[in-house]
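Letters go in sequence order (proteins before strands), and every chain restarts at 1. As a basis for the values below, the full set of heavy atoms in this structure was taken, side chains included, without hydrogen atoms, waters or symmetry mates.
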2 protein chains.
Amino acid sequence: MNYPEAWLRGASLGEGIASNIRLKIVSGTIQPGDKLSENGIAAEFGTSRSPVREALKTLSSEGLIRLERMGAVVIGLGPKEVGELYDVRYLIESFVQSRIAALDAKALSVVLERIIDKMELAGRHRDPVEFAFQDLSFHETIIAEAKHSRIWQLWRSIRQLVMTVMLITTEEVFAEGEERVEAVIEKHRILLQGIRSGDPEEVQKRVRRYFDDSYVTLRHSLPHREEDR
Amino acid sequence: MNYPEAWLRGASLGEGIASNIRLKIVSGTIQPGDKLSENGIAAEFGTSRSPVREALKTLSSEGLIRLERMGAVVIGLGPKEVGELYDVRYLIESFVQSRIAALDAKALSVVLERIIDKMELAGRHRDPVEFAFQDLSFHETIIAEAKHSRIWQLWRSIRQLVMTVMLITTEEVFAEGEERVEAVIEKHRILLQGIRSGDPEEVQKRVRRYFDDSYVTLRHSLPHREEDR
DNA sequence: ATCTGTCTACTTGTACACAAGTTGCTTTAT
DNA sequence: ATAAAGCAACTTGTGTACAAGTAGACAGAT
């Protein structure tokens with residue numbers, strides 16, 4: 001699997017390299033414990049070390065690799081780590097939803113509605129890349145609504161990683177058939193209804209359930225990648 | 001105020017530059033909206049652009065500046081942003097404390113006890129730098145105990161920033177007299193007692209109170225920096 | 001006076017060069 | 001055979017050079 005070109009428009013070489021390596025780490029092509037050298041990667045991508053350094057720093061700040069004296073060592077993203085990533089996503093969205101004023105809900109729900117429409121369209125067009133992107137947009141839109149600088153920065157620090165995980169899981173969901181795709185869309189509709197209701201307790205319940213469900217889906221679609229090691 | 005040399009031992013030029021600029025931003029010497037150019041900073045610190053690029057990337061990942069096409073623009077850290085930083089600290093510690101097994105509490109509390117002793121010592125020696133460092137260590141030790149890779153990475157992404165804020169507020173606390181210092185230590189003792197109790201509800205209550213108190217302290221010690229602009 | 005085009009100075013992105021330090025192997029001495 | 005010393009091939013950190021692109025000022029035309 002390759003990283004979608006469309007997601008790299010206008011990006012620097014460094015960002016491109018980071019995205020490629022990130023995908024390799026998440027998909028398991030590169031395994032935990034592997035060592036990455038700047039020269040090696042530069043040779044692989046046919047660039048100088050400068051963009052590679054930028055990429056490694058990015059991946060390090062995302063917690064995917066650890067920069068050491070000699071070489072960067074891959075931390076990786078096994079089932080446990082993905083679960084932990086979803087812990088944080090839940091923390092963020094739970095916090096954010098508790099902060100969204102009832103006032104904003106109206107305008108917000110219109111935007112979210114349109115994103116869900118785009119997800120449906122992408123589903124019909126069998127376009128997992130676009131689908132994953134809209135899925136990400138849905139959650140990002142909600143998070144942005146809180147207008148909380150630190151939460152937003154926190155989201156930015158895991159955004160690319162979440163995007164990559166979504167890309168992989170969405171590919172699998174699409175491969176498993178139409179009803180799985182529809183189920184994902186339905187989950188977002190349930191979230192949206194919660195926001196529309198304006199009832200804080202109801203919202204929290206639905207967010208909680210969304211991520212519980214997601215975790216189950218994850219356990220179902222990711223682990224077999226681990227087992228064939 | 002200058003960044004403590006002791007906190008930069010073994011650090012690269014890039015980290016040093018980042019720490020210096022970070023302090024300037026947090027203390028208000030550099031203000032939101034200001035533009036930083038790589039060449040300018042390189043000239044100021046007498047280095048080449050390479051370490052400066054590293055520093056700017058670091059500060060960007062901490063959310064203190066925003067990298068744009070031309071120049072990096074300072075986002076800054078006003079009272080509102082510091083409050084939001086404490087929101088995130090509360091989110092982290094609240095989550096972490098809920099995950100610490102009663103088993104671990106014993107060994108953990110011994111370590112925390114020793115850190116509090118060091119805080120007392122630093123208080124008697126009138127050494128705010130050491131005091132702030134131990135304060136940071138206290139919280140970091142608790143967070144590490146959860147052994148949660150994503151939460152840990154989240155902490156790492158704000159660690160330097162928290163350290164810098166602590167440095168400044170601790171200087172002020174020390175300037176205000178002994179009893180203020182003792183009050184800070186007492187707050188940590190209360191947290192520790194919560195952990196020792198092993199009662200989840202009690203722990204959550206004390207964590208909540210700790211950060212509520214901290215926010216009040218913050219409002220008291222930071223805002224006047226804003227007003228004299 | 002206003003609009004337009006060009007030009008200059010500055011910006012970042014990338015490549016490359018060099019220095020200092022680390023790792024691990026080879027060779028030599030016992 | 002084994003241990004120690006030295007060497008060779010790597011590593012990263014930093015400095016420098018160049019290319020492409022942008023912003024703003026200035027001059028000229030309408």
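- No side-chain donor-acceptor contact under 3.5 Å links B:Asp135 to the backbone of B:Phe131.
- For B:Arg156, the salt bridge (Lys or Arg N to Asp or Glu O under 4.0 Å) criterion is met by no residue, not counting sequence neighbours.
- Looking at residues two or more places apart in sequence or on another chain, you find a side-chain hydrogen bond (donor to acceptor under 3.5 Å, both in side chains) between A:Gln153 and A:Arg150.
- At a non-hydrogen distance threshold of 4.0 Å, B:Ser37, B:Glu38, B:Asn39 from residues 33-43 of chain B come into contact with DNA chain C.
- Less than 4.0 Å separates DNA chain C from at least one heavy atom of each of the following residues of residues 57-72 of chain B: B:Arg69, B:Met70, B:Gly71.
- On the nucleic acid side, DNA chain D has its first and last nucleotide under 4.0 Å of a heavy atom of chain B at D:dT14 to D:dA17, going 5' to 3'.
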Shorter than 3.5 Å, N or O on both sides, protein versus nucleotides 15-17 of chain C: list them out with atom names.
{"unit_1": "C:dA15", "atom_1": "OP2", "unit_2": "A:Ser48", "atom_2": "N", "d": "2.7"}
{"unit_1": "C:dA15", "atom_1": "OP2", "unit_2": "A:Ser48", "atom_2": "OG", "d": "2.9"}
{"unit_1": "C:dA15", "atom_1": "N7", "unit_2": "A:Ser50", "atom_2": "OG", "d": "2.8"}

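- Qualifying side chain to side chain contact (heavy atoms under 4.5 Å, CB included) partners for B:Ala144, counting only residues two or more places apart in sequence or in other chains: B:Trp152.
- Under the side chain to side chain contact (heavy atoms under 4.5 Å, CB included) criterion, B:Ser37 pairs with B:Asn39, sequence neighbours left out.
- Contact check on B:Arg99 versus A:Asp87 returns a salt bridge, with a Lys/Arg side-chain nitrogen under 4.0 Å from an Asp/Glu carboxylate oxygen.
- In this view, A:Glu145 and A:Ile100, A:Asp104, A:Leu108, A:Lys147 satisfy the side chain to side chain contact (heavy atoms under 4.5 Å, CB included) rule, not counting sequence neighbours.
- For A:Thr141, the side-chain hydrogen bond (donor to acceptor under 3.5 Å, both in side chains) test picks out no residue, with sequence neighbours left out.
- Ion pairing between a basic and an acidic side chain is recognised when a charged N comes within 4.0 Å of a carboxylate O; B:Glu120 and B:Arg124 show no such pairing.
- The side-chain hydrogen bond (donor to acceptor under 3.5 Å, both in side chains) search around B:Ser50 returns none, not counting sequence neighbours.
- With sequence neighbours excluded, no residue satisfies side chain to side chain contact (heavy atoms under 4.5 Å, CB included) with A:Arg114.
- Judged by distance alone, the side chains of A:Lys187 and A:Ser214 do bring a donor and an acceptor atom under 3.5 Å apart.
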